[in-house]
Amino acid sequence: MVIFVKILLIIASIGLICVVLLQKGKSAGLSGAISGGAEHLFGKQKARGLELFLSRFTMGLAAAFFILSIVVAYIVKG
């Protein structure tokens, strides 16, 4: 059981790294750093197609990573 959960954690972490690297940057340069984050935060840029899929897949893998990290920490402690 412990080994299975650890393997799932490794798969989730490698998958999360790969998905984050596949996403393209939302802004470039200093001007994008100032205004691009606010536009993305308030939803002025709509993601479509592959960007939307990668965004949702990233959120799912991040949630799985955090949950599996907590489970592994609980199992190892106990």
After noting the C-alpha distance and the side-chain angles of Gln23 and Thr58, does the key distance pass the side chain to side chain donor-acceptor pair (under 3.5 Å) rule? CA-CA 9 Å; Gln23 293 180 2; Thr58 303; 2.6 Å; yes
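The only option from Ile17, Ile10, Ile11 that meets the side-chain contact (heavy atoms from CB on, under 4.5 Å) definition with Ile14 turns out to be Ile10.
Atom-to-atom distance recorded for Leu16:CG and Leu21:CG is 9.5 Å, nearest 0.5 angstrom. For the atom pair CG of Leu54 and CE of Met59, the computed distance is 11.0 Å after rounding to the nearest 0.5 Å. Rounding to the nearest 0.5 Å places CG of Leu68 at 9.5 Å from CD1 of Ile75. For the atom pair CG of Leu22 and CZ of Phe53, the computed distance is 10.0 Å after rounding to the nearest 0.5 Å.
For Ile3, the CD1 atom counts as loosely surrounded, since its 6.0 Å shell holds 12 or fewer non-hydrogen atoms of other residues, nucleotides or ligands.
Neither Met1 nor Tyr74 shares a network with the other; the hydrophobic side chains, linked directly or stepwise wherever heavy atoms of I, L, V, M, F, W or Y lie under 4.5 Å apart, form separate groups for each. Connection of Leu52 to Leu61 is not established within any shared hydrophobic cluster, with ILVMFWY side chains joined at heavy-atom distances below 4.5 Å, either directly or through further cluster members. In the hydrophobic clustering of ILVMFWY residues, with side-chain heavy atoms under 4.5 Å counting as a link, Ile70 and Val72 come out apart.
One N or O on the side chain of Ser69 and one on the backbone of Phe65 form a donor-acceptor pair closer than 3.5 Å.
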